[in-house]
Amino acid sequence: MIPLEEARAHVLERVGLLDPVEVALEEAVGCVTAEAVTAEDPIPSFDNTAMDGYAVRTADVAGADESSPVRLEVVATLAAGTGDRPEIGPGQAARIMTGAPVPPGADAVVMVELTEAAPADPEDGDGGVLVKAAVPEGNHIRRVAEDVQVGDEVVAAGTVLTPALVGVLSSVGREGVRARRAPRVGVLSTGDELVTAPTPLAFGQIRDSNRPMLLAAVADSGFVPVDLGTVPDDETALTAAVRDGAARCDALVTSGGVSVGDFDLMKQVLDGLGAMRWMQIAIRPAKPFAFGLVEGTPVFGLPGNPVSSLVSFELLARPALRSMMGHRLLDRTRVTAVADVDLRRRPDGKTHYLRVAAEYRDGAYRVSPAGGQGSHQLTAMAHSNALAVLPDGDGVPAGGDLTIIPLGEVPAAG
Ligand code: AMP
Ligand code: MG
């Protein structure tokens, strides 16, 4: 048996980087940038108001307060988007809406809540505005380049694009970006015993859980799933399916046929098609694993037991697929948790990954087993939201600390 780290390193050394492509912003979230993006204009590109109110000259309102408001003549109404630049003279103000340019002559904005309409003037008819507070120079003005200066690198190469970064790219005038897109990952199940869902089962047959599950895992991780169907335990058929899939996809994930049974043919198949390494990894579940390159396309040969398949995908295929698209953070976040019950095990030279239910309670993540821990017992995996990492040894007593890998949202109790 080899340590998981060795298997992981073997795989990561052999998967390449996908070529960057031009990705439209609408499709860019989750992609990893392959260029640095700099700003050609400042943001904001003009002084503008952060509030609805009045653009004023601070000197005019210096003495204003609730009991002695200052009356100003309102010479313009400025909405966001206006190109108007009316000069504000002494004793004057402009009604101004959030985002509108601050007009020349004005040096502050008084928010509308600190003003009221002045009673109509008997001479000119228009009442103007009563300002009921003094404001400092620059009040509520968003200055040119306060967010971004010309030449600023707003997105570095190798950045995972979040919704906010997509917004930043749009704000500097980009409609697309050079990025590495998600790999197209072909998924196929192997096994003579497999039938697809609606067919009645003959004795000895089972339904295929791995292919739909792994297609979902691929999609859930942000990659593009490609369904390559179910293939019997036949070397010729398997060889054809793997060769065709490898030609059509950036990577393949297969399940079954990597163990030591008489009909576990994936090893021979991958050997015949290119460089392959078969590994026995010191983990439970998911000990057997095969990794091959078929015409340069990585093939992850996962074990057939459904829990093993998914754990193997998590620990080996997912980080490698992320690496192909340029991610630097390959693994899921790990956190420390407290065992709610005894999590006992026997020493066997392996690290165990238990399927657990985690919740955040009384200031800590707390875990208990999510059900039966057999590698065929997929329902426990389905009801879990984390893997608990139990290093070789006797396990962890109730109340003890351990490392967990959350695979989904962790609810907070109480
Ligand atoms: P294998 O790795 O091919 O030796 O399969 C190990 C166990 O997993 C056997 O009990 C298989 O029947 C089962 N198995 C293999 N492939 C699948 C699948 N796609 N869906 C559900 N169970 C599977
Ligand atoms: Mg099999």
Side-chain angles (χ1 to χ4, degrees), residues 1-21 31-32 34 157-158 160 179-188 190 210 214-215 217-218 221-226 228 238-260 264-283 285-304 308-332 351 353:
M1 289 192 298
I2 60 168
L4 175 64
E5 294 67 38
E6 185 183 328
R8 209 183 104 96
H10 176 87
V11 168
L12 289 178
E13 278 160 23
R14 282 163 183 79
V15 296
L17 267 178
L18 294 174
D19 289 334
V21 291
C31 292
V32 184
V160 185
R180 290 193 166 81
R181 56 180 177 74
R184 287 166 50 83
V185 183
V187 175
L188 66 85
T190 73
N210 295 353
L214 292 168
L215 286 165
V218 163
S221 291
F223 315 129
V224 181
V226 180
L228 300 178
L238 277 170
T239 301
V242 170
R243 192 196 291 112
D244 295 350
R248 283 172 53 198
C249 301
D250 299 311
L252 292 196
V253 170
T254 70
S255 76
V258 294
S259 202
V260 290
D264 288 331
L265 300 170
M266 274 312 286
K267 291 171 282 176
Q268 285 98 295
V269 166
L270 290 177
D271 238 352
L273 287 171
M276 190 282 301
R277 180 169 170 194
W278 180 66
M279 297 168 236
Q280 297 267 72
I281 306 174
I283 58 176
K287 182 169 79 159
F289 174 67
F291 177 77
L293 286 174
V294 175
E295 306 280 343
T297 302
V299 181
F300 302 89
L302 313 183
S308 307
S309 235
L310 197 50
V311 169
S312 190
F313 178 85
E314 274 295 329
L315 299 179
L316 291 154
R318 188 177 182 274
L321 293 165
R322 284 172 66 81
S323 153
M324 289 173 72
M325 64 184 288
H327 277 277
R328 290 176 186 151
L329 267 181
L330 302 182
D331 294 302
R332 293 190 191 262
T351 302
Y353 292 84

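These values consider heavy atoms only, across backbone and side chains, with no hydrogens, waters or symmetry-generated copies. Keep in mind that what you see is a predicted model, and the values were worked out from it rather than measured.
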Please walk me through it: do Val260 and Trp278 pass side chain to side chain contact (heavy atoms under 4.5 Å, CB included)?
CA-CA 11 Å; Val260 290; Trp278 180 66; 3.6 Å; yes
Would you please name every residue forming a salt bridge (charged side-chain N to carboxylate O under 4.0 Å, His left out) with Arg8, sequence neighbours left out?
Asp331
Do the side chain of Lys267 and the main chain of Ser259 share a donor and acceptor less than 3.5 angstrom apart?
yes
Got a sec, which residues hit salt bridge (charged side-chain N to carboxylate O under 4.0 Å, His left out) with Arg277, two or more places apart in sequence or on another chain?
Glu6
Rounded to the nearest 0.5 angstrom, the CG-OG1 distance for Asp244 and Thr239 is 10.5 Å
Does the Arg14 side chain pair with the main chain of His10, one donor and one acceptor, at a distance under 3.5 Å?
yes
Could you check if a side-chain atom of Tyr353 sits within less than 4.5 angstrom of a side-chain atom of Ile283, using non-hydrogen atoms only?
yes
Taking the side chain as everything from C-beta on, heavy atoms only, tell me whether Leu252 gets closer than 4.5 Å to Val226.
no
dist Leu12:CG -> Ser323:OG (nearest 0.5 Å) comes out at 5.5 Å
Validation row: Gln280, Ile2 side chains within 4.5 angstrom (heavy atoms)
no
Yes or no on side chain to side chain contact (heavy atoms under 4.5 Å, CB included) for Met324 and Leu17, after CA distance, side-chain angles and deciding distance?
CA-CA 4 Å; Met324 289 173 72; Leu17 267 178; over 6 Å; no
Asp250 and Arg181 ion-paired at < 4.0 Å:
yes
Take Gln268 and Leu238, measure what side chain to side chain contact (heavy atoms under 4.5 Å, CB included) needs, and give me the verdict at the end.
CA-CA 10 Å; Gln268 285 98 295; Leu238 277 170; over 6 Å; no
When every non-hydrogen atom of Leu321 is compared with those of Ala251, the smallest separation belongs to CD2-CB, 3.5 Å
Heavy-atom nearest pair, Pro285 first then Val311, reads CG-CG2, 3.9 Å
Provide the closest heavy-atom pair for Gly301 versus Thr254 in the form atom of the first, atom of the second, distance.
CA-OG1, 3.3 Å
Tell me the closest heavy-atom pair linking Leu302 and Ser312, and the distance in Å.
CD2-OG, 3.4 Å
Okay, side chain of Ser308, backbone of Pro303: is any donor-acceptor separation there less than 3.5 Å?
no
Say you draw a straight line from CE of Met325 to CG of Leu330; how long is it, rounded to the nearest 0.5 Å?
11.5 Å
Verdict with supporting geometry, Phe289 and Leu316, side chain to side chain contact (heavy atoms under 4.5 Å, CB included):
CA-CA 9 Å; Phe289 174 67; Leu316 291 154; 3.9 Å; yes
Nearest-0.5 Å distance, CZ of residue Arg332 to CG of residue Leu315
10.0 Å
Ring centre gap for Phe300 and Phe291 strictly below 6.0 Å
yes
Minimum heavy-atom separation for Met1 and Ile281, please, with both atom names.
SD-O, 4.2 Å
Main-chain N/O of Leu18 paired with Arg180 side-chain donor or acceptor, under 3.5 Å
yes
Determine whether Val242 and Val294 make a side-chain contact, defined as any pair of heavy atoms from C-beta on separated by less than 4.5 Å.
yes
Are Val299 and Leu270 side-chain neighbours, meaning at least one heavy-atom pair lies under 4.5 Å?
yes
To the nearest 0.5 Å, atom OG of Ser221 lies from atom CD of Glu314 at 6.0 Å
Side-chain donor or acceptor of Asp264 paired with backbone N/O of Gly256 under 3.5 Å:
no
Approximate separation, where rounding is to 0.5 Å, of Met279 CE and Leu4 CG:
10.5 Å
Between Ser255 and Leu214, is there a side-chain heavy-atom distance shorter than 4.5 Å?
yes
For residues Thr190 and Gly257, report the shortest heavy-atom separation together with the two atoms involved.
OG1-N, 3.8 Å
Heavy-atom side-chain contact between Phe313 and Asn210 under 4.5 Å
no
